[in-house]
Chemist: 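Here it is, the structure in full.
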Amino acid sequence: MSRRTFARTASAALAATVGVTLLSACGGAASAKEQQGAAGGTQSAQTAAKGSSGRDHDRRTPFTATHVGGPTTILEIGGARLLLDPTFDRPKKYPSGLEKIKAPAFGVDRIGKIDAVLLSHDQHDDNLDDSGRALLKDIPAVYSTPGAHQRLGAHVTGLRNWESRDIRTRSGSTVKVTAVPALHGPDRVDRGADGEVTGFVLSGRGVPTTYISGDNASVKVAAEVGKRIRKQFGRIDTAVLFAGAARTPAILDNAPLTLTSQNAARVAADLDPRKVVAVHTDSWNIYSEDMKSLVKAFRERGVADKLVNLRPDGSTKWLNR
């Protein structure tokens with residue numbers, strides 16, 4: 001190559017680099033061809049801006065889970081703090097026959113500011129006990145079933161399947177809460193008002209799409225919900241599964257009323273979320289399968305890598321790290 005040709009080539013490359021830099025500084029967008037031509041592949045304005053992309057921002061925004069015991073969990077997601085199925089009683093027996101056999105990791109005095117309660121249902125003490133019931137009126141928003149709205153009052157918003165509400169966070173972001181179907185017992189069994197339950201999906205800009213099963217026992221229902229979530233919201237990032245295979249002799253001949261460990265593993269395989277948070281396996285006498293059983297089932301199904309080691313001790317786990 002002659003000196004004149006080399007100088008001409010170098011000048012062109014320098015001009016392209018300066019042009020892209022100036023365009024970026026002024027808020028413009030360089031074309032792909034201009035970016036490729038800049039100094040033999042110099043990092044483009046788009047690539048340089050990747051550090052502030054939604055994905056990286058999500059990693060800096062807390063997405064955490066704190067398991068208090070039973071189904072009771074605090075999720076911090078998209079700038080909102082959400083409380084699932086509040087149960088804060090000390091161990092005791094209930095007129096329903098249910099018994100709480102382990103105290104929560106902490107009481108209501110330590111939950112901090114909660115933006116909303118997501119209540120799968122209100123009919124059963126292990127999902128809403130006396131302390132949890134008293135707490136609801138102190139929470140800005142409570143989302144549950146239409147039946148819960150009728151029983152608990154106007155401060156509870158009853159959502160029908162696939163109905164949504166927006167939670168505006170203190171930082172100005174929005175988390176969309178959508179109610180999804182759940183079946184509190186075996187397939188093809190209608191338990192009437194006693195079995196009315198709901199699950200939830202959390203979504204929004206910069207919000208990891210999160211499926212909360214509620215007291216759902218059906219693999220089929222979870223698969224149908226997962227299919228619609230993927231179509232409507234995209235891939236499920238995290239699934240919060242209520243497991244424990246809850247059973248009571250008085251209902252459906254002791255059939256499981258929530259996911260068994262094997263079925264929770266099947267749901268994890270079917271929905272293929274990045275992470276699974278399993279709750280509803282401890283603290284109550286009607287849960288027939290514990291976390292040890294769940295871990296074994298996830299290993300056998302080949303999805304153990306998805307399972308978050310979240311203990312009901314009040315410790316907080318990051319879900320996006």
Chemist: With rounding to the nearest 0.5 Å, note down the distance linking CZ in Arg151 to OG1 in Thr145.
Modeler: 5.5 Å
Chemist: Roughly how far, to the nearest 0.5 Å, is CG of Asp290 from OG of Ser261?
Modeler: 7.0 Å
Chemist: Taking all non-hydrogen atoms of both residues, which atom of Leu319 and which atom of Ala65 are closest, and how far apart?
Modeler: CD1-CB, 4.0 Å
Chemist: Within this structure, what is the CZ-CG distance for the pair Arg274 and Asp237, rounded to the nearest 0.5 Å?
Modeler: 4.0 Å
Chemist: Please test Asp166 against Thr174 for side-chain hydrogen bond (donor to acceptor under 3.5 Å, both in side chains), starting from the C-alpha separation and ending with a verdict.
Modeler: CA-CA 6 Å; Asp166 287 343; Thr174 299; 5.5 Å; no
Chemist: Flag the pair Val225 / Asn216 as yes when at least one side-chain heavy-atom distance between them is below 4.5 Å, and no otherwise.
Modeler: no
Chemist: Check for a donor-acceptor pair, side chain of Arg165 on one end and backbone N or O of Ala179 on the other, with a separation under 3.5 Å.
Modeler: no
Chemist: Only pairs at least two apart or in different chains count here, so list each side chain to side chain donor-acceptor pair (under 3.5 Å) that has a residue in residues 264-273.
Modeler: Asp272-Lys306
Chemist: What verdict does the side-chain contact (heavy atoms from CB on, under 4.5 Å) test give for Tyr211 and Val276, after you've listed the backbone C-alpha separation in whole Å, the side-chain angles of each residue and the deciding distance to 0.1 Å?
Modeler: CA-CA 9 Å; Tyr211 166 56; Val276 173; over 6 Å; no
Chemist: Consider only side-chain heavy atoms of I, L, V, M, F, W and Y, link residues closer than 4.5 Å, and tell whether Leu118 and Val175 are in one cluster.
Modeler: yes
Chemist: Any idea which heavy atoms bring Tyr143 and Ala116 closest together, and the distance?
Modeler: CE1-CB, 4.1 Å
Chemist: What's the separation between atom NZ in Lys317 and atom OG1 in Thr64, rounded to the nearest 0.5 Å?
Modeler: 12.0 Å
Chemist: Taking all non-hydrogen atoms of both residues, which atom of Leu271 and which atom of Ala223 are closest, and how far apart?
Modeler: CD1-CA, 4.2 Å
Chemist: Of the options Glu300, Lys296, Arg301, which is the one that meets Gln262 in a side-chain hydrogen bond (donor to acceptor under 3.5 Å, both in side chains)?
Modeler: Glu300
Chemist: What I want to find out is whether Asp282 reaches Lys102 closely enough, with some N-O distance under 4.0 Å, to be called a salt bridge.
Modeler: no
Chemist: Can you confirm whether more than 12 heavy atoms, excluding those of Asp138, are under 6.0 Å from its CG atom?
Modeler: yes
Chemist: Can you find a heavy atom in the side chain of Phe200 that is under 4.5 Å from one in the side chain of Leu82?
Modeler: no
Chemist: Is it true that a side-chain atom of Asp253 and a backbone atom of Ala255 form a donor plus acceptor pair closer than 3.5 Å?
Modeler: no
Chemist: Shortest non-hydrogen contact from Tyr287 to Ala246?
Modeler: CD2-CB, 4.0 Å
Chemist: Before you tell me yes or no, could you show the steps for Val201 and Thr209 under side-chain contact (heavy atoms from CB on, under 4.5 Å), namely the whole-Å CA-CA distance, both residues' side-chain angles and the distance that decides it to 0.1 Å?
Modeler: CA-CA 7 Å; Val201 175; Thr209 300; 4.2 Å; yes
Chemist: Under a 4.5 Å cut-off applied to non-hydrogen side-chain atoms, are Thr198 and Leu159 in contact?
Modeler: no
Chemist: Shortest non-hydrogen contact from Asp313 to Ala105?
Modeler: C-CB, 3.3 Å
Chemist: Just wondering, are more than 12 heavy atoms of other shown residues or ligands nearer than 6.0 Å to CZ in Arg299?
Modeler: no
Chemist: Report the C-alpha separation of Val279 and Phe242 in whole Å, then their side-chain angles, then the decisive distance to 0.1 Å, and conclude whether the side-chain contact (heavy atoms from CB on, under 4.5 Å) test is met.
Modeler: CA-CA 5 Å; Val279 297; Phe242 286 32; 3.6 Å; yes
Chemist: Linking Ile, Leu, Val, Met, Phe, Trp and Tyr through side-chain heavy atoms less than 4.5 Å apart, which residues share a cluster with Leu135?
Modeler: Val68, Ile74, Leu83, Phe88, Phe106, Val108, Ile111, Ile114, Val117, Leu119, Leu128, Leu136, Ile139, Val142, Leu152, Val156
Chemist: Between Thr210 (side chain) and Leu202 (backbone), is there a donor-acceptor pair under 3.5 Å?
Modeler: no
Chemist: Tell me whether the rings of His184 and His121 are parallel (<30°), tilted (30 to 60°) or perpendicular (>60°).
Modeler: perpendicular
Chemist: Has Ser171 got a side-chain atom pairing as donor or acceptor with Thr169's backbone, closer than 3.5 angstrom?
Modeler: no
Chemist: Can Val177 be reached from Leu84 by stepping across I, L, V, M, F, W or Y side chains whose heavy atoms are under 4.5 Å apart?
Modeler: yes
Chemist: Identify whether Trp162 and Val221 are in the same connected component of the hydrophobic contact network (ILVMFWY, side-chain heavy atoms under 4.5 Å).
Modeler: yes
Chemist: Please examine the side chains of Pro186 and Leu252, heavy atoms only from C-beta on, and report whether any two atoms are closer than 4.5 Å.
Modeler: yes
Chemist: Consider only side-chain heavy atoms of I, L, V, M, F, W and Y, link residues closer than 4.5 Å, and tell whether Leu307 and Leu241 are in one cluster.
Modeler: yes
Chemist: Taking the side chain from Gln123 and the backbone from Glu196, do they hold a donor-acceptor pair closer than 3.5 Å?
Modeler: yes
Chemist: I'd like to know if the side chain of Thr87 reaches the main chain of Thr72, judged simply by a donor and an acceptor atom lying under 3.5 Å from each other, with no hydrogens or angles considered.
Modeler: no
Chemist: If you measure from CG on Asp89 to OG on Ser283, what distance do you get to the nearest 0.5 Å?
Modeler: 12.0 Å
Chemist: Might you work through the side-chain hydrogen bond (donor to acceptor under 3.5 Å, both in side chains) test for Thr66 and Thr316, ending with a clear yes or no?
Modeler: CA-CA 4 Å; Thr66 305; Thr316 298; 2.6 Å; yes
Chemist: Indicate whether the side chain of Asp215 and that of Ser120 have a donor and an acceptor atom separated by less than 3.5 Å.
Modeler: no
Chemist: Report, as yes or no, whether the 6.0 Å neighbourhood of atom CZ on Arg230 holds more than 12 heavy atoms from other residues, nucleotides or ligands.
Modeler: yes
Chemist: Quick one: does Asn127's side chain have a donor or acceptor within less than 3.5 Å of a partner on Asp85's backbone?
Modeler: no
Chemist: Measure the NE2-NE2 distance between His149 and His155 for me, rounded to the nearest 0.5 Å.
Modeler: 10.5 Å
Chemist: Check whether Thr248 reaches the backbone of Ile251 with its side chain - one donor and one acceptor, N or O, closer than 3.5 Å.
Modeler: no
Chemist: Can you name the nearest heavy-atom pair linking Gly79 to Asp115, along with the distance?
Modeler: O-OD2, 4.2 Å
Chemist: Could you tell me whether a side-chain N or O of Arg247 sits under 3.5 Å from a main-chain N or O of Asn254, the two making a donor and an acceptor?
Modeler: yes
Chemist: Under 3.5 Å, side chain of Asp125 to main-chain N/O of Lys100, donor-acceptor pair present?
Modeler: no
Chemist: When you compare the side chain of Lys292 with that of Val295, does any pair of heavy atoms fall below 4.5 Å?
Modeler: no
Chemist: Could you check whether atom NZ of Lys220 has more than 12 heavy atoms from other residues, nucleotides or ligands sitting under 6.0 Å from it?
Modeler: no
Chemist: Let me check something: do Phe233 and Ile212 share a hydrophobic cluster, defined by ILVMFWY side-chain heavy atoms less than 4.5 Å apart, either directly or through other members?
Modeler: no
Chemist: Using a 4.5 Å cut-off on heavy atoms from C-beta on, say whether the side chain of Leu259 contacts that of Val267.
Modeler: yes
Chemist: I'd like to check Ile77 versus Pro208 (side-chain heavy atoms, cut-off strictly below 4.5 Å). Are they in contact?
Modeler: yes
Chemist: Are the side chains of Ser173 and Arg205 in touch, meaning some heavy atoms are under 4.5 Å apart?
Modeler: no
Chemist: Check the pair Asp129, Tyr94 against side-chain contact (heavy atoms from CB on, under 4.5 Å), reporting the backbone distance first and the verdict last.
Modeler: CA-CA 9 Å; Asp129 63 12; Tyr94 297 83; 3.6 Å; yes
